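Shown next, in structure tokens, is the structure this report addresses.
Because the structure is predicted, anything quoted here is derived from the model rather than measured.
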Amino acid sequence: MCIEWGFSPQSLRVMPFFKSFKKSLPTSVQKDLKSQRCGLRHTVYSVSGNEYTGEWLENEKHGRGIQVWKKVGAIYDGEWKSGKRDGYGTYSVQIPGSKEYTRKYSGEWKNGKKHGYGTYFYNSSAIYEGEWNEDQRSGWGRMYYENGDIYEGEWMKHKSHGQGIIRFSNGNWYEGSWRDGKRNGDGKFYYSDKALVYEGFWVDGVAKCGTIEDVGWDKTPAPPKYQFPKLNLVDMELVLREAKSAYQDHR
């Protein structure tokens, strides 16, 4: 048995053919996206000669990175946020006449400024360690001065302000209130070479009213020639309060 198949032109249907179309961004936009820095990249050099090696986010330094300023002679190694030093990092400067760098500040940053806790090296013997607020010593901190003095206490805008104690290189020390970098308010000053303690009120670094106590004058290397006489006041505290009040009223 033989079967023949046949098709009429009317029975044929042409199925449409759809070619997949992938929409692409304009060439200018694609080039711009490719040029943006994002993620970890190799060293990027600027026209001025500066260089940065580290992480990026949306064309800005963001994350961990090292910035080198050639003309200034400085290096920052630490954390970044939106193109600014932010987080923990170390700032170093180049030693004049040398290729070596010395550390200037190591600590916390915020919005490109020293902010939080950090240590600043003025030189090999003058060092501050403590709190910062927008590039200024503010909060609690300890300052080692070049002459050997050491101050430990509160700061505001680069000056000792609040409660603090300073130990002088000659053995004397002061503990008490400060304002604008000077002894102001109630405080106690110890003269180690004379074994005397002054306790009283201060105005702009000058003792105004208080008492002096002998704490072992006969055992000191330079005792005073005469001992201080004892006061025979009916109410010594009242006299001190009145004197203190008089100075406070004129400030």
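Considering CG of Asp149 and CZ of Phe168, their distance stands at 6.0 Å, rounded to 0.5 Å. Expressed to the nearest 0.5 Å, how far CD of Glu199 lies from CD of Glu175 amounts to 10.0 Å. Put simply, NZ on Lys84 and CG on Asn111 are 4.0 Å apart, with the number rounded to the nearest 0.5 Å. Within the model, atoms NZ of Lys81 and CG of Asp86 stand 5.5 Å from one another, a figure rounded to the nearest 0.5 Å. Atom OH of Tyr45 sits about 5.0 Å away from atom CD of Glu51, to the nearest 0.5 Å.
Annotation: salt bridge (charged side-chain N to carboxylate O under 4.0 Å, His left out) contacts involving residues 133-147, sequence neighbours excluded, comprise Lys114-Asp135, Glu129-Arg142, Arg142-Glu152. Screening residues 103-113 for salt bridge (charged side-chain N to carboxylate O under 4.0 Å, His left out), with sequence neighbours left out, gives no hits. Within the structure, salt bridge (charged side-chain N to carboxylate O under 4.0 Å, His left out) pairs that include any residue of residues 161-174 do not occur (at least two apart or interchain).
Under the side-chain hydrogen bond (donor to acceptor under 3.5 Å, both in side chains) criterion, Ser98 pairs with no residue at all, not counting sequence neighbours. Among residues two or more places apart in sequence or in another chain, the ring pair (Phe, Tyr, Trp, His ring centres under 6.0 Å) test is passed with Tyr198 by Trp202. In this view, Trp173 and Tyr190 satisfy the ring pair (Phe, Tyr, Trp, His ring centres under 6.0 Å) rule, not counting sequence neighbours. Here Asp77 pairs with Arg64 under the side-chain hydrogen bond (donor to acceptor under 3.5 Å, both in side chains) rule; sequence neighbours left out. Evaluation of the ring pair (Phe, Tyr, Trp, His ring centres under 6.0 Å) rule for Tyr122 yields Tyr120 as partners, not counting sequence neighbours. In this view, Tyr191 and Phe189 satisfy the ring pair (Phe, Tyr, Trp, His ring centres under 6.0 Å) rule, not counting sequence neighbours.
When all heavy atoms of Arg85 and Tyr91 are compared, the pair lying nearest together is NH1-CD1, 3.6 Å. For the pair Trp56 and Val44, the tightest heavy-atom approach, listed with the atom from each and the gap, is CZ2-CG2, 3.9 Å. The minimum heavy-atom distance between Trp178 and Ser160, with the atom names listed, is CE3-OG, 3.3 Å. His115 and Tyr105 get closest at one heavy-atom pair: N-OH, 4.3 Å. What you find for Gln67 and Trp80 is that their closest heavy atoms are CB-CZ2, 3.5 Å. Nearest heavy atom pair, residue Asp186 against residue Tyr174, reads O-OH, 3.7 Å.
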Determine, stepwise, if the pair Glu131 / Ser138 fulfils side-chain contact (heavy atoms from CB on, under 4.5 Å). CA-CA 6 Å; Glu131 296 176 305; Ser138 290; over 6 Å; no
Could you please spell out the steps behind the side-chain contact (heavy atoms from CB on, under 4.5 Å) verdict for Val197 and Ile212? CA-CA 5 Å; Val197 175; Ile212 294 180; over 6 Å; no
Thr102 and Glu100: CA distance, side-chain angles, deciding distance, side-chain contact (heavy atoms from CB on, under 4.5 Å) verdict: CA-CA 7 Å; Thr102 181; Glu100 299 295 324; over 6 Å; no
Does the side-chain contact (heavy atoms from CB on, under 4.5 Å) test come out yes or no for Asp193 and Asn172, once each step is laid out? CA-CA 8 Å; Asp193 57 339; Asn172 297 344; 4.0 Å; yes
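Through direct or relayed side-chain contacts under 4.5 Å between Ile, Leu, Val, Met, Phe, Trp and Tyr, Tyr88 connects to no other residue. Cluster partners of Ile150, using a side-chain heavy-atom cutoff of under 4.5 Å among ILVMFWY residues and allowing indirect links, are Phe121, Ile127, Tyr144. Other members of the cluster containing Tyr117 are Trp140, with ILVMFWY side chains joined at under 4.5 Å, either directly or via other members.
Between the side chain of Ser177 and the backbone N or O of Asn184 there is at least one donor-acceptor pair closer than 3.5 Å.
Side-chain contact between Trp132 and His158: present, with at least one pair of heavy atoms (C-beta onward) separated by less than 4.5 Å. Residues Val68 and Asn50 have side chains not in contact (no heavy-atom distance under 4.5 Å, counting atoms from C-beta outward).
For the pairing with Met156, the side-chain contact (heavy atoms from CB on, under 4.5 Å) check across Arg179, His161, Gln136 returns one residue only, His161.
Placement of Ile75 and Tyr52 in two distinct hydrophobic clusters is found when ILVMFWY residues are connected by side-chain heavy-atom separations under 4.5 Å, directly or transitively.
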